[in-house]
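Chain letters run A, B, ... following the sequence lines, proteins first and then strands; every chain starts at 1. All values below were derived from every heavy atom in this structure, side-chain atoms included, with hydrogens, water molecules and symmetry-related copies excluded.
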Amino acid sequence: MNGACFRETLRICRRWPDIMAIWKEDVRVEEERHVRANDREYNERFSYADNRIKTAKYNAFTFLPTNLFEQFQRVANAYFLILLILQLIPEISSLSWFTTIVPLVMVLAITAVKDATDDYFRHKSDQQVNTRQSQVLIKGTLQNEKWMNVRVGDIIKLENNQFVAADLLLLSSSEPYGLCYIETAELDGETNLKVRQALTVTSDLANDVARLADFNAEVICEPPNNKLDKFTGTLYWKDNKYSLDNEKMLLRGCVLRNTEWCFGLVIFAGLQTKLMQNCGSTKFKRTSIDRLMNTLVLWIFGFLICMGIILAIGNTIWEQRVGSEFWAYLQWNKFTSNAIFSGFLTFWSYVIILNTVVPISLYVSVEVLRLGHSYFINWDRRMYYSHKDTPAEARTTTLNEELGQVEFIFSDKTGTLTQNIMVFNKCSINGKTYGDVYDEFGHKVDITEKTPCVDFSFNPLRDRKFRFHDSSLVEAIKLEEPLVQEFFRLLALCHTVMPEERNEGELVYQAQSPDEGALVTAARNFGFVFRSRTPETITVYEMGQPVTYQLLAILDFNNVRKRMSVIVRTPKGQLKLYSKGADTILFDRLDPSNDELMYTTSEHLNEFAGEGLRTLALAYKDLDEDVFDEWMKQLLFASTSLDNREEKLGVLYEEIEQGLMLLGATAIEDKLQEGVPETIACLTLANIKIWVLTGDKLETAMNIGYSCNMLRDDMNEVFIISGHTTLEVQRELRAAKESIMGPSREIFSDGPDTEKTDIYSSDSVFEETIISEYALIINGHSLAHALEADLEQILVDVACLCKTVICCRVTPLQKALVVELIKRHKRAVTLAIGDGANDVSMIKTAHIGVGISGQEGMQAVLSSDYSFAQFRYLQRLLLVHGRWSYHRMCNFLCYFFYKNFAFTLVHFWYGFQCGFSAQTVYDQWFITLFNIVYTSLPVLSMGLFDQDVNEQYSLRYPNLYRPGQLNQLFNKRKFFTCTLHGICTSFILFFIPYGAFISAVRDDGTQISDQQAFAVTIATSLVIVVSVQIGLDTNYWTAVNHFFIWGSLAVYFAILFAMQSDGLFNIFPNQFTFIGTARNSLDQKIVWLVIFLTTVVCIMPMVAVRFIKTDCYPTQTDKVRLLQQATRRQGPQEQNLRRVRRTSSRRSAYAFAHQQGYGELITSGKNMKVTTSSTSTYPLSSPERCPGTRGAPDETTTEAETNNTGFKREFDQNQDVTVEDLEAR
Amino acid sequence: MMASSYSAKEEDGHHSGSAGLGDTAIRTRKPDNTAFKQQRLPAWQPILTAGTVLPAFFVIGLIFIPIGICLYVTSNNIKEFEIDYTGTDMSSPCFNCSINHSWNNTTPCKCVLAFSLDQPFESNVFMYYGLSNFYQNHRRYVKSRDDSQLNGDGGSLKEPSKECEPYRTSENRPIAPCGAIANSMFNDTLELYYIDPNGTRNPIPLTKKGIAWWTDKHVKFRNPGSSNPNLTAVFQDTAKPINWGKPVYELDTDSENNGFINEDFIVWMRTAALPTFRKLYRIIQKKNSMTPTLPRGNYTLEVTYNYPVRSFDGRKRVILSTISWMGGKNPFLGIAYITVGSICFFLGVVLLFIHHKYGNRNNSSDIPN
């Protein structure tokens, strides 16, 4: 179900521009939406979109005309259509109509089949989505209806885990206060549950169908838009107005969770839902090769016209000088009587003949290649992540070769470089560290997968996935050391985590930040299980014993305080304040008696930080009853004050968080994804610059920078730009630049650069010469200034001189701006990789967007071009697939242009011999089939399978990637070389047979120098020459290559003889006039001698040139190929694995939730439903019941299990009391 | 697909377990481990190394040079004699004919050219006529024919293809054979006489059959109305080509060589590739192995001059030639083979030198990283 919906979104998003276009036509601009519940007649007046989704373009009848119309909008197809029309003019037609129509029809047919298949699947999935069932309230009863029949204004009922069918206004739900929980992963990529709450008036309707059927309110709201987090509207009911906001909306694409049922009023349906509106127009990305190809095709057109003009002039002159005298044999038609007019006609005739220099099959072949390369990416097992069952996916099939040209990678941090999994790794309690493993000699042991884990089996409530290797901590717990106990008690109490217990003992924590989750989970495993909470209590199972603490206050986290505290009353009546926070902050607030401990702990913190761990310091304080009462009063007063509430609270919090007693510190590992440092090292060696753009704080970002080896201690300098004003930022950037380049170079690139190319070249030369390593770290607010027009140049300069660039605290928009900046200034191919909704903008902006799938949500993946599960696969995607794709595509294009020039330009040379009359050299059938039958498959198989260097070597020698970045394999120069090669080949192809045929006769004296034998000889030579040439270009001869190359030759001869057979001639004497030519010419030794000579003369110079190139000026690739060949002969070698060790000894930072905590929501009790239901299923096996539930007898529990709803009602009432109490406070 | 986006929280607990069990019921999306999909197809990976390239050059050189010499020698052994009878020169016997003649003349103009052969011609001797500056390969010329008509199609006989314009109809009757090619058929008559040392003129028998390709004669060209041996009746409603002196059914008296299957006509209809060409006219069969077919001595060529070429600076020649296994005299191929062979050999030497001096023999040591 879920997958299907994901696919739906994906599909629709891809097709969005089309849908928009269709949709815009028939819907006028809506300014305000009026929806009356349960009143279809009223709502139909406005003709809102219904809930049917139609992404399919065609139906059975419109397919052919629509599809053809679309196809002829493409320039290439239109061009060939025009050619076809030209060919129908007999005066011009130098080729029969079929020479163009056969390839054109084939190309159109292939595309049409592809479009039809796509559309068929769209129809199918449209159908699937549209026929999903939902319960709709129609005429007072709930009826099952298909999704597509849901109308705006209907009331529909949703059940748990169902997809929301349309954008609904939540009316009522099974939960108290009309709350309901939704998962919005499909919408914004966030997996945590969100709460929606209905209006009180409507939530009273509950599930009373009769009352819901009578519900006749009218909603007036905003027109459809794409803002997911905003909704404004008003509900009019019974003469009252109620304002509506986003908190009351359930959007299509969400899934209802933890809520038994809910009712909603359809506000937007189908294409007008926010999900559909939000798909946005996906920018059509093209590769640089694509653009180059288009330019080249234009050049070829130009070339074609030049050729045409030359030959037309030739024709005019010939007609005047020779043709007019030849009149007796060749009378003019009426209109060809004029030599100039004849030249004009000849021009068009030659345009038709020479049109094959722009090969009709080029675009189709390129598409086929890219599709093939995409499949290879999809099929790659080494990019398949088995834990999540996620293979890599090439979601765009048009960008593959650009993967071989990437120069800049912009990476998100969280979830991309890191797993976004926090693991409680080490701790320091009362001056003693835990977490390291020592062997019998007291040496520290590296922790690997095999290191034995601590056995937590004493704890039935443990989290089975939790791993800890140091058993001394468990021993300490078992010995009941008070401080250790206090440490974990703190972790179990001081947080804002919500527990959820679906089955007995199966606790799931809903933590706002993964750090907190990790800490609470650690406490849980060490025997301090945070089990449930109510707004006023926290129940912890301490070593199996339930203990309920009264929660008196949560002193919540924010970015200024950088700490959080709770004040609890223990069952014994003690008041305690537990606090955790950044070490720097907490150490200032410690009691002076802690100095010594603080010193040791500080040492430990340094040690932890050096290992790249995120640290928190923990402290507690015993509170005096009187002091607390006094403080509490002030707190209540402050919290009700209207102005400066935050500030006043802050002061109060500060006041009580003094004189703390240090307990110790925790160290959490922000787990890097597997292989991240290695991947980064490898990509760096491939001369790819990796920039980290993260929304995280400076400290965290730097921390990750160190742990993935982007920042190192041995770097010359790490520049941190964190100025708050433009001037500051400018000064900092200048200073950075000066210290890299020395002040002398300041003038050089700081000035306004008019001639950018020069700057680029000299810059890049200079960049290469900098041996020292620098890093640049820039803060979000500084970046905002640096991205201004006058600073961006220096930013680019400095950033490109640094080995590492980290931008922290950047907004999604800034991410896109940074990418845009590089795109603009560097003319380099950029790749953005990320996993979350905040990376979407940069993924869309970059040339290539990569989404990490299987992590948070789907948003990034949906907008990406490639997706896979692990950052480390990027290495393979670029260095193997990208490199191969680029290599293959370039070789393919070179060969393709060569082939077509060699094929076509023979006509040019022949023009000089045939009076520029646009007579073709070849048989028309040969012209028709040459590109699509005789020579297409070998080059396609080369383009699909070729490997210059195998994958191991591609990865082992990352600088093999360099040619792609420098655009060396296919550029304008290369194009000229190939076309020149083609022209030379055509020259040889024409003039060697010409020389031989001037006086040639067959060995029985009959003629052979006739046109048809000449044509067959040249055609055969051509096919052999281009086949040999593709053989030379193929580095990797698989069975398929062999089959296609030899097969093409065989097919050529087979078709040649078939086309020139008696049978075909007897049926169509006017079409197959070459009857018998092949038989009569190819049985002649002289013909084969000519073919052999032509082939050798065409091929050998190329062999010599290539040999000299590889022998004297070998490229990196050539060397590696030789090495590869040598090692293959010797047998496989042990692969030297590149291991990157972290070598950092940096004082680290701490980490915490990024936003204001949940504290308020907890104390207000609004989200407590989960808690109450979990209390209902306390383990019966536990020896003693906690005081809080002791009052509830066992019978109640069993009753609760049998009659769940009834029980909950009771609890709801309980909760009502609590909330009322709170409100009273 | 289903599993990937399903709530991670629910999946987490069970995932490792089910993966470890290798539950066959769960279909994973793991790509197949086939050599094709993993791009591990076994392959031959040739590299242009000195070990392969240099021998290739030498081998080609060593093959080409002998072939070339052989071709050259063969070509030189072929005896060929060529005589231009256009009559552009005032002194030429055909001068008068050439200036006076046009298509419309009905009275044949004859001229006689004397020549002598220094060497005897053995074996079969082939007699060609050659035309120069005649654009038989001009597009409008080439397409001006109706193959269907020439193949004996009755419909096309009555209604020739539009391609034949303006030689399609004459006096409202369809032309057979239609088109510019047929219309401009070469119609000089050439006769050869051997002048005995004692002065008698001996006509040399010329065979006019076997000069066209078998496929042309038997497949491509057919007379219409194959059941009707009377060609005159078959061609009754057609007109003769404008330039022709007589209709197509009077080309020869031999019914096997008349109408469309007349071999002179077939040879003409096989248009030449280049503006200078030769076409087989007659074959002089060898008598026996003892006496040469054309002994040394004096000959006369009697030309019935019908075919005007002066208007376009054309030339007409008669060529007598013997034949070898490689066809007629063709010095080009021999020289080309020798040249290419030598160049390849020379290149091989140069490349060997380059390789020795500058070449890269240690391969892997200087690859960075």
With respect to chain B, which residue among A/Val1087, A/Ile992, A/Asn1041 yields the maximal number of heavy-atom pairs within a distance under 4.5 Å? A/Ile992
Turns out that what part of B/Ile343 lies under 4.5 Å from chain A's heavy atoms comes down to neither
Residue from A/Phe1068, A/Phe945, A/Tyr385, A/Phe997 scoring the most non-hydrogen pairs under 4.5 Å with chain B is A/Phe945
Would you mind checking which part of B/Phe332 comes under 4.5 Å of any heavy atom in chain A, side chain (CB onward), backbone (N, CA, C, O), both or neither? side chain
Which of A/Gln919, A/Gln947, A/His1042, A/Arg1002 touches chain B most, by non-hydrogen pairs under 4.5 Å: A/Gln919
Does anything in residues 1069-1079 of chain A form a side chain to side chain donor-acceptor pair (under 3.5 Å)? List the pairs, not counting sequence neighbours. A/Gln1012-A/Thr1077, A/Asp1062-A/Arg1079
If you count heavy-atom pairs under 4.5 Å between each of A/Arg321, A/Gln1125, A/Arg382, A/Arg1106 and chain B, which one has the most? A/Gln1125
Residue B/Phe64 versus chain A: region with a heavy atom under 4.5 Å: side chain
Select one option (side chain, backbone, both, neither) describing which atoms of B/Asn33 are under 4.5 Å from chain A's heavy atoms. both
All side-chain contact (heavy atoms from CB on, under 4.5 Å) counterparts of B/Asn124, not counting sequence neighbours: B/Phe126, B/Gln285, B/Lys286
Residue part contacting chain B, namely of A/Val921, when any heavy atom lies under 4.5 Å: neither
Cut-off 4.5 Å, heavy atoms of chain A, and the answer for B/Val267 is both
So for B/Ser321, is it side chain, backbone, both, or neither that comes closer than 4.5 Å to the heavy atoms of chain A? neither
Using non-hydrogen atoms only, which part of B/Phe134 is less than 4.5 Å away from chain A: side chain, backbone, both, or neither? both
Side chain, backbone, both or neither: which part of B/Leu54 has a non-hydrogen atom closer than 4.5 Å to chain A? side chain
